[in-house]
Amino acid sequence: MEIAKAYNPKEAEENHYRIWEERGYFAPEINENDASKPYSIVIPPPNVTGNLHMGHALQHTLMDTLVRWKRMQGYKTLFIVGTDHAGISTQLMVTRQLKKDEHKSPTDIGREAFIEKVWAWKEKYGGEITRQIRREGLSVDWSRERFTMDENLSRAVREVFVRLYEEGNIYRGNRIVNWCPRDKTVLSDLEVKEEKAKDGKLYYLQYPVKNSDEKITVATTRPETMLGDTAVAVNPEDERYRAFIGRTIELPLVNREIPIIADEYVESEFGTGAVKITPAHDPNDYEIGQRHDLPQINVMNKDATMNENTGKEFEGLDRYDARQLVVEKFEELGLLEKIDDYDVTLPHCERCNTVIEPLLSEQWFVKMDDMRDSALDLMRREKSPRFFPEVPYEKVYTTWLENLKDWTISRQLWWGHQIPAWYDASGNVFVARTKEAAAEQAGTSDLIQDADVLDTWFSSALWSFSTLGWTGENSGQRSAVSGQKDSKPSTDLETFHPTDVLVTGRDIIFLWVSRMVMTALKFVGEKPFSDVIIHGTVLDKNGQRMSKMKLNGIDPLDVFEKFGVDATRMTLAGSSTGADFAWRDEKVESFRNFANKIWNATRFCLLNSEGAQVDYFYINPKAEVAEIKNLIRDELIDDIDEEDEEFLDKVAPEFAGDNPKENLSIADRWIISRLSKTALSVNRALDAYQFHEAVQLLYHFFWDDFCDWYIEFVKDEITAEEPSNRRDAARSRIITILEQALRLLHPFMPFLTEELWQKLPAVSSDLHNPAYKSAEQTIMLADFPRGDAALIDEKAEAEMQAVIELISKTRNIRAEMNIKPSDKISLLVSAGETLQKVFAANEAQILKLARANELNLSEKADAPKASARAVLAGGAELAIPLEGLIDFQKEIERLENQLSKLEIEGERLQKQLANQNFVERAPAEKVQEIRDRVAEITQQSATLRQNLDALR
RNA sequence: AGCUGAUUAGCUCAGCGGAAGAGCGUCUGUCUUACAAACAGAAAGUCGAAGGUUCGAAUCCUUCAUCGGCUACCA
């Protein structure tokens, strides 16, 4: 068989995905077993305009690993993929494009034409992210791909909006909101991020008090807002200002008389203790304004220029120019007391980084109280969803919910779900599922739809169920949208909701996770997912966050190119769950090397595979006997008495036993035991979402146990030139173990494992999980090894350990005594009867791996003085005669070194045993364990001392 | 300001009550018939500091230090 000397990831990555997809392996329908339990994950929908970054690659890897693992276990798996229309980002991008290509703004071409442009743009560029998802190897069901603006999902949005409105949980209100002057839209609190201003200043302005020479100084960071001041507030307890309360300020520049009021909100210690109040431009001032019934004077336009309320000098000026001018004017008037440097953090638009202007505006809001309570209730009652890691995210989630405020959902954009509200000529509002329904309510079709669209996260909040056909399209059954309370949910929704686990970053716990919980509870009546995995952040190699600004981002596609997708996936899955980690190419490199190791181990097996086949009974012969017994018993049908059973016991092994499957060597039983333990542990680790642990287990099983020891141990047998049953059995055994290992690795390394698995002799769909019997052969559908506890063989492991120790200590002596690799040596080993047998059984391997030409076993070896020595476990001793080669002084040092290490350990343990409290309180096994170890140390030390004496 | 997380070998990180691990790097050998992207061997850490709980602490508690994250406020 031709097989390349090194693994080339590209080939495997190009070949298999298309086949997997075409043959429908990703769709749940591939599962033929009606009794299969469902397992579902919805992908957090990336922005349709987006490109894959490391955060995606990480969460995608984790999700795909889980889905592939569960699919192989026979679950009916659905991995839902889709994209988000990402209102602001997409609109920004298309606007930029429009400007570049046609030198036009959206308003130049009008709403309808603009939206057409966005759709066209989406068709053209929106596929990028989905191509990248294919590149990652994600086993998502493309036949169910969704987009948040699909008709069905849009219907779900309107349905939810109308229902919330009808019960009074959506309302319109005039409030202080976060306004982005550049995008000219309102933003929710979560779309605003706080950033330190570069050179913040605190301006001290003096306001003259009417009918006096006195002035009150107020401090402000935004002097331009003084044009909209309608009061000055002080703390009622503040002695300094008590006399001023109730008097009047003559507001400079605008010549308006405003009152001096008292309010608890004002902190006397801060600034001057007197605060200018601008109810239309500050949330706190707004509150104070409400309490004192102050007028609200809006002084800004939507683009943050000053408006007509500010007078001729200011009108039309940008907010920062206005600020400058206000300060100058105050200076001219002699009313500018001082300007201090001041650290101030300002809200910025998450998308365009413009400084947010708080202003008063009419918007749509969702009242969250009821939904919030049910989410909190779910957590309290069922501790659901379960967060991984639980600390700190459960608390983060809960605390946020407890302090939840109403959600601003309208956006002054064109790209998105237009709000299903219509106005008649006199401004009455009609909220309905369709324009027709609104017209019916209104009694006229002369209606204008609300121009605003909904927050992108409004549709994302419904993702867990809107993608599964909540509006009825997948079922042929009646739609949930008909408005009839008794309508039934669709099949996908019934089967796959709630989903099993959500994998996401911590930045959207509030934006998305919590809202999905709330909407699913309300509209489906159940939680959207059981578990939430919060993964860490991938940082750059200096531990900094990756960002476009800093240009320190690492493009996953570059990494795929350089090291392969599988190596990248292993790197990502191998990072500790939930913890941030610094990206290092060296890490991927080591997994690239691992992939190559797997490739070459397989290559070795394949180069020696004539006469071999994958057959699980080679590593579990008892299972074959049991199966044959079952087959015969089934044939006999009628009552089977004890005699028959005895007969079966005798006959069955003969049917199975015409080959040497039963003749397992110590090394065979050892590797089978290791394999079983590994499989058990990998399953356990994945159950607990401990991906990195599973990765470590697989890495070390494959490289250390399988490659470094097992292959070396059976190499001679497998490469024997003469064909024989024995050789075929050995070849079948190793290839069967390899095949099991490939299955275990597949969820992490899908491409490599499929590529190699397909090359193995006699693989077929017989190896599939029973749920996929009629599918064409693929490792994707192979049964995931559960690990058989009955195949764990502690005796074989201990015996193999003794052999490994003998070889290792020999190698150690060779290296330390500078014995040339080509020089053969003799091994004199003294050991008890049992160990002698073990060593004898592995003589050939010991000689080969230790580069020795002689293994001399005895109860008590009579080694020449000129020998290098080592003590072994179980009271055994190794001596290597080195006449003429040995440096006695050096050998003495070696032995003294060993002795001192043992003595240090021995002393520590002795001390522990001397402690009455320890012996009485520690578990008996622990105490025994230490006693055993002390006994061994004592024996080994004695031997070493004897050897030393002999040398001196 | 509040709440959180981290601090373990030169680097990146596991381990989270029974006594120190990995990968990379370093040093020494080696083309030993799958793999030099490899093989064999070795060196390297009073587990941030100080107290406490415990028979026993890297692991639990308290305080401190340094570095992150989140939330809120900021006239």
Side-chain angles (χ1 to χ4, degrees), chain A residues 3 5-7 189 194 200 202-205 218-222 225 232-233 265-267 270-278 282 284-285 342-346 389 391-393 395-396 399-400 403 506-507 509-510 537 539 541 543-545 563 567 571 574-576 578-587 589-608 690 692-693 696 699-700 707-708 711-712 715 719 807-808 811-816 818-822 848-849 851 905 908-909 912 915-923 925-927 929-930:
Chain A
I3 174 163
K5 267 191 102 169
Y7 175 49
D189 293 346
E194 301 289 330
L202 193 56
Y203 302 85
Y204 290 79
L205 308 178
V218 296
T220 178
T221 54
R222 296 186 295 156
T225 60
V232 167
Y265 163 78
V266 180
E267 286 175 41
F270 190 91
T272 60
V275 190
K276 59 188 276 308
I277 302 297
T278 325
D282 182 281
N284 294 307
D285 292 8
Y342 181 63
D343 271 346
V344 61
T345 50
L346 294 174
V391 179
Y393 298 115
K395 197 175 166 194
V396 166
T399 312
W400 185 79
N403 299 303
R506 53 178 158 255
D507 49 336
I509 294 178
F510 309 141
T537 309
L539 308 169
K541 63 178 189 305
Q544 302 288 310
R545 291 185 87 97
F563 301 108
T571 307
S575 70
S576 184
D580 292 354
F581 70 104
W583 182 266
R584 322 218 86 221
D585 269 1
E586 293 92 318
K587 193 116 196 162
E589 218 173 303
S590 82
F591 282 114
R592 188 265 321 257
N593 296 352
F594 181 54
N596 191 236
K597 190 74 182 175
I598 297 170
W599 177 270
N600 273 296
T602 307
R603 180 166 181 264
F604 170 77
C605 293
L606 289 174
L607 290 175
N608 300 289
Q690 296 292 309
H692 63 291
E693 198 185 324
Q696 288 305 311
Y699 185 94
H700 290 294
C707 292
D708 287 349
I711 288 184
E712 295 306 328
K715 196 171 245 177
T719 54
I807 295 167
S808 296
R811 285 169 168 174
N812 175 283
I813 288 172
R814 293 190 65 114
E816 288 189 5
N818 294 318
I819 296 165
K820 280 199 254 140
S822 50
K848 185 172 178 219
L849 298 178
R851 302 185 148 265
E905 191 190 347
R908 204 191 67 222
L909 297 178
Q912 219 173 326
N915 182 342
Q916 253 336 93
N917 277 324
F918 171 73
V919 179
E920 277 164 24
R921 299 202 190 186
E925 311 158 20
K926 194 73 222 167
V927 178
E929 198 180 293
I930 289 177

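Computed from a predicted model, the values in this text were never measured in an experiment. Sequence lines set the chain letters: A, B, ... in the order given, protein chains first and strands last, and positions in each chain run from 1.
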Subject >> Separation of B:C67 C1' from A:R545 CZ (nearest whole Å) >> reply: 15 Å
Original post:
When rounded to the nearest Å, what value does the distance between C1' atoms of B:U62 and B:G68 take?
Top reply: 23 Å
Subject >> Partner set under side chain to side chain contact (heavy atoms under 4.5 Å, CB included) for A:N818, not counting sequence neighbours >> reply: A:K890
**OP:** Check whether the ring centres of A:Y699 and A:F591 lie less than 6.0 Å apart, and answer yes or no.
**Re:** yes
Original post:
In chain order, what residues pass the salt bridge (Lys or Arg N to Asp or Glu O under 4.0 Å) check against A:E194, with sequence neighbours excluded?
Top reply: none
Subject >> Pairwise C1' distance, B:A58 and B:G15 [rounded to whole Å] >> reply: 9 Å
**OP:** Taking salt bridge (Lys or Arg N to Asp or Glu O under 4.0 Å) as the test, write out the residues that go with A:R222, two or more places apart.
**Re:** A:D282, A:E357
Original post:
Of all the nucleotides listed (B:U4, B:G23, B:G69), which has the minimum atom distance to the side chain of A:V391?
Top reply: B:U4
Subject >> Between P of B:A72 and CH2 of A:W400, the distance in whole Å >> reply: 10 Å
**OP:** Determine the interatomic distance between C1' on B:G21 and the same-named atom on B:C16; round to the nearest Å.
**Re:** 14 Å
Original post:
Would you find a donor on one side and an acceptor on the other, under 3.5 Å apart, between the side chain of A:N596 and the backbone of A:A6?
Top reply: no
**OP:** Check every strand shown and say whether A:E267 touches a base, only sugar-phosphate, or nothing at a heavy-atom separation below 4.0 Å.
**Re:** base
Original post:
For every nucleotide of nucleotides 7-16 of chain B, 5' to 3': is a protein heavy atom under 4.0 Å from its base (B), only from its sugar-phosphate (S), or from neither (-)?
Top reply: ----SSSSS-
Subject >> Nucleotide of B:G18, B:C73, B:G23 approaching A:T345 most closely (side-chain heavy atoms) >> reply: B:C73
Original post:
Can you name the salt bridge (Lys or Arg N to Asp or Glu O under 4.0 Å) partners of A:K395, sequence neighbours left out?
Top reply: none
**OP:** May I ask you to say what A:T221 touches in the nucleic acid, namely base, sugar-phosphate or nothing, with a heavy-atom cut-off under 4.0 Å?
**Re:** sugar-phosphate
Original post:
Which value, in whole Å, describes the distance between the P atoms of nucleotides B:C60 and B:A14?
Top reply: 15 Å
Subject >> Watson-Crick and G-U pairing of RNA chain B written in dot-bracket, each distance under 3.5 angstrom, with | for inter-strand partners >> reply: ((((((((.[[[[.)..(..]]]].(((((.......))))).....[[[[[..)....]]]]])))))))....
Original post:
A:I277 near the nucleic acid: base, sugar-phosphate alone, or nothing, with a heavy-atom cut-off under 4.0 Å?
Top reply: nothing
Original post:
In whole Å, what separates the P atom of B:A6 from that of B:G45?
Top reply: 25 Å
Original post:
Under 6.0 Å from the six-membered ring centre of A:F604 and within 45° of its axis: does the NZ or CZ of A:K715 meet both?
Top reply: yes
**OP:** Check every strand shown and say whether A:E589 touches a base, only sugar-phosphate, or nothing at a heavy-atom separation below 4.0 Å.
**Re:** nothing
**OP:** Please state how far atom CG in A:N403 lies from atom C1' in B:C73, giving the value in whole angstrom units.
**Re:** 14 Å
Subject >> A:S590: side chain to side chain contact (heavy atoms under 4.5 Å, CB included) partners, not counting sequence neighbours >> reply: none
Subject >> Which residues share a salt bridge (Lys or Arg N to Asp or Glu O under 4.0 Å) with A:K587, sequence neighbours left out >> reply: none
**OP:** Using a 4.0 Å heavy-atom cut-off across all strands, classify A:Y203 as base, sugar-phosphate, or nothing.
**Re:** nothing
Original post:
Which value, in whole Å, describes the distance between the C1' atoms of nucleotides B:A9 and B:A42?
Top reply: 14 Å
Subject >> ring-ring contact (aromatic ring centres under 6.0 Å, His included) partners for A:W599, two or more places apart >> reply: A:Y7
**OP:** Would you indicate what A:E920 reaches in the nucleic acid, counting non-hydrogen atoms under 4.0 angstrom: base, sugar-phosphate, or nothing?
**Re:** nothing
Original post:
Which whole number of Å gives the distance between the C1' atom of B:A49 and that of B:U8?
Top reply: 15 Å
Original post:
Expressed in whole Å, how much space separates the C1' atoms belonging to B:C27 and B:A44?
Top reply: 11 Å
Original post:
With sequence neighbours left out, what residues match A:A601 under side chain to side chain contact (heavy atoms under 4.5 Å, CB included)?
Top reply: A:F702, A:F706, A:C707, A:I711
Original post:
Given B:U30, is OP1 or OP2 found less than 4.0 Å from the side-chain N or O atoms of A:K820?
Top reply: no
**OP:** Please tell me which of A:F918 and A:V344 maps to the more 5' nucleotide of RNA chain B, matching each residue to the nucleotide holding its nearest heavy atom.
**Re:** A:F918
Original post:
What string of B, S and - do you get for nucleotides 32-48 of chain B, 5' to 3', if B is base contact, S is sugar-phosphate-only contact and - is no contact with any protein heavy atom under 4.0 Å?
Top reply: BBBB-BSSSSSS-----
Subject >> NZ/A:K541: more than 12 non-hydrogen atoms of other groups inside 6.0 Å >> reply: no
Original post:
Please give, in whole Å, the distance from B:C73 C1' to A:Y342 OH?
Top reply: 9 Å
**OP:** Between A:N818 and A:D189, name the one whose nearest nucleotide on RNA chain B is closer to the 5' end.
**Re:** A:N818
**OP:** Would you mind reading off the distance between A:Q544 atom CD and B:G69 atom C1', rounded to a whole angstrom?
**Re:** 13 Å
**OP:** Could you list the residues that satisfy side chain to side chain donor-acceptor pair (under 3.5 Å) with A:N593, not counting sequence neighbours?
**Re:** none
